[in-house]
Amino acid sequence: MSQKPIMVTRSSMPPFEEYVDEIRELWDSHWLTNMGAKHQELERALKDRLGIENVCLFTNGHNALECILEALDLRGEVITTPYTFASTTHAITRKGLTPVFADIRMSDYTLDPESIEKLITPRTCAIVPVHVYGGLCDIDAIQRIADEHGLKVIYDAAHAFGVERDGVSAASFGDASMFSFHATKVFNTIEGGAVCFKDPALYNVLNQWKNFGITSTETVEYVGGNAKMNVFCAAMGICNLRHLDEEIAKRKLVYERYVERLGNIPGIKLNEIPENVTYNYAYFPVLFDENVFGATRDDVYATLMTVDIHPRKYFYPLVNDFDCYRSVYSSDRTPVAKYVADRILTLPMYADLALEDVDRICDLVLSCQK
Ligand code: T4K
């Protein structure tokens, strides 16, 4: 059945009774937060699902990223991408580090390893790449650069939950990966996030950072914050994790219909999924080349908005064009990112999007063609 309005995404939720059953025991325990039983249970379930050893839950992906940057005790410059959500750069800046923007690749809009290499200085301490739309970065090239120069790699994997390369989860790459479990994500805990990491010693440190730096009832060793996931969010995660495969399978159908309708249109570029990657179908980005397609991204955006369909320009403007950064940075230095940000539109994508609505969206997109 056609919905109105159609937003860029729509949170998936478990059956109501399933969630109620999950939270019933919380009324008996009266333990609502501070790493309660559901919190531990979700961490265990995530380890199983992702095939990893180390995971730490957080209130949201942003706090998770701030905490891992802090826990790794980084100082100096961090090479990152301007083609991302505000969170990535803000986390770096708020932790007293200096973001340095490298350019992205045209193929999948992730960081271009060549561009990273040119920006390394003696002050560089880390690389924070983003698996944009769930498409994996050039992990091997980035790791080679990091190893050569002794840099940490912290992936912003906010979009990449459920993505695998050759059967290995996106959670396994670099020194650490941050996931967002926000309501808009393929897997959500309402608000939430996690860090997956290599060094097991980080688990206690992250737990302390997210709990005011408290190390025992009578000792506080760090100036930590409060970034603990509460158990109602963890319970939502436990439920949603049971439905993850179904969620991704439904998204795949939507994705395939979009590709069928928009895949061979001159002036439209879609992202390709490499053969060895299992994708999560998190977003459906479309790049419009106005010279070939005959209409701009903004023309298509306006056409859809007129009929209450709300695509989004993720990620426009570029972070280096934000008011809070543009006095220091210039998007002219990241020309590929600038080109993409001016032409990208992410079309509605979620598990329950009806295929007839996908057809309607595609008809409207194609009606802009000249
Ligand atoms: N790094 C990257 C690369 C990220 O993309 C993000 C977050 C982060 C880090 C930080 O992770 P978190 O700290 O958020 O865990 C949304 C999300 O709020 C944000 O999580 C996400 N990226 C970003 C790409 O998208 P907005 O400002 O576009 O959200 P909003 O409120 O306009 O919602 C978009 C659509 O989602 C709505 O039109 C309808 C739907 N929606 C929204 C909400 C809040 C629902 O269906 N249910 C909901 O509860 O940022």
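Numbering of ligands and ligand atoms starts at 1, following listing order.
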For this session: Please write down residue, atom name and distance for the protein heavy atom closest to atom 41 (N) of ligand 1.
Result: Thr184 CG2, 4.0 Å
For this session: Out of Met7, Glu66, His182, indicate the one that has the non-hydrogen atom closest to atom 18 (O) of ligand 1.
Result: His182
Exercise. Does Asp299 offer a backbone N or O that forms a donor-acceptor pair with the side chain of Thr303 under 3.5 Å?
Worked result: yes
Exercise. Tell me: protein heavy atom nearest atom 28 (O) of ligand 1, and distance?
Worked result: Tyr314 OH, 2.4 Å
Seminar exercise, completed: One finds that the ligand 1 atoms under 4.0 Å from a non-hydrogen atom of Ser87 are 8 (C), 9 (C), 10 (C)
Problem set entry | Identity and separation of the nearest protein heavy atom to atom 47 (N) of ligand 1 | Ser11 OG, 2.9 Å
Exercise. What protein heavy atom is closest to atom 40 (C) of ligand 1, reported as residue, atom name and distance in Å?
Worked result: Thr9 O, 3.3 Å
Problem set entry | Ionic contact status for Asp298 with Lys313, cut-off 4.0 Å | yes
Problem set entry | Test: Glu290 and Arg297 ion pair at under 4.0 Å | no
For this session: Find all atoms of ligand 1 within a distance of less than 4.0 Å from any non-hydrogen atom belonging to Thr84, and give their numbers and elements.
Result: 3 (C)
Problem set entry | Residue and atom name of the nearest protein heavy atom (relative to atom 35 (C) of ligand 1), distance in Å to one decimal | Val8 CG1, 3.8 Å
Problem set entry | Shortest protein heavy-atom distance from atom 50 (O) of ligand 1, along with the residue and atom involved | Phe85 CZ, 3.6 Å
Problem set entry | Row check, Phe322 ring normal vs Arg326 NZ/CZ: under 6.0 Å, within 45° | no
Problem set entry | Under 4.0 Å to a heavy atom of Thr88 - the qualifying atoms of ligand 1, by number | 1 (N)
Exercise. Who's the nearest protein heavy-atom neighbour of atom 49 (O) of ligand 1, and how far?
Worked result: Ala183 CB, 3.4 Å
Problem set entry | Enumerated ligand 1 atoms positioned under 4.0 Å from heavy atoms of Gly192 | 15 (O)
Exercise. Are any of the N/O atoms in Tyr283 less than 3.5 Å from those in ligand 1?
Worked result: no
Exercise. Would you say ligand 1 has an N or O under 3.5 Å from any N or O of Phe315?
Worked result: no
For this session: Report the part of His310 (side chain from C-beta onward, or backbone N, CA, C, O) that has a heavy atom under 4.0 Å from ligand 1; answer both or neither where that applies.
Result: neither
Problem set entry | Distance from atom 15 (O) of ligand 1 to nearest protein heavy atom, with residue and atom | Ser180 OG, 2.7 Å
Problem set entry | Tyr283: which of Tyr133, Tyr109, Tyr350 passes ring pair (Phe, Tyr, Trp, His ring centres under 6.0 Å) | Tyr133
Exercise. For the side chain of Lys198 and the backbone of Gly174, is there at least one donor-acceptor N/O pair under 3.5 Å apart?
Worked result: yes
Exercise. Hey, mind stepping through Val132 and Phe315 against side-chain contact (heavy atoms from CB on, under 4.5 Å) and telling me if it holds?
Worked result: CA-CA 10 Å; Val132 184; Phe315 291 104; 4.2 Å; yes
For this session: Let me see the working for Tyr325 and His90 under ring-ring contact (aromatic ring centres under 6.0 Å, His included), right down to the final yes or no.
Result: CA-CA 10 Å; Tyr325 292 117; His90 284 0; 5.5 Å; yes
For this session: Using distance alone, determine whether His62 and ligand 1 share an N or O pair under 3.5 Å.
Result: yes
For this session: Tell me whether the guanidinium CZ or amine NZ of Lys210 lies under 6.0 angstrom from the six-membered ring centre of Phe58 and within 45° of its axis.
Result: yes
Exercise. Taking all non-hydrogen atoms of both residues, which atom of Asn34 and which atom of Lys228 are closest, and how far apart?
Worked result: OD1-NZ, 2.6 Å
For this session: Could you pull out, from Lys185, His159, Arg312, the option with a heavy atom nearest to atom 5 (O) of ligand 1?
Result: His159
Problem set entry | Pair Phe181 and Phe161, ring centroids less than 6.0 Å apart | yes
For this session: Apply the salt bridge (Lys or Arg N to Asp or Glu O under 4.0 Å) test between Asp245 and each candidate in Arg49, Lys252, Lys250, Arg251; give the one that qualifies.
Result: Arg49
Problem set entry | atom 32 (O) of ligand 1 touched by protein heavy atom at under 4.0 Å | yes
Problem set entry | Ala91 to ligand 1, any heavy atom closer than 4.0 Å | no
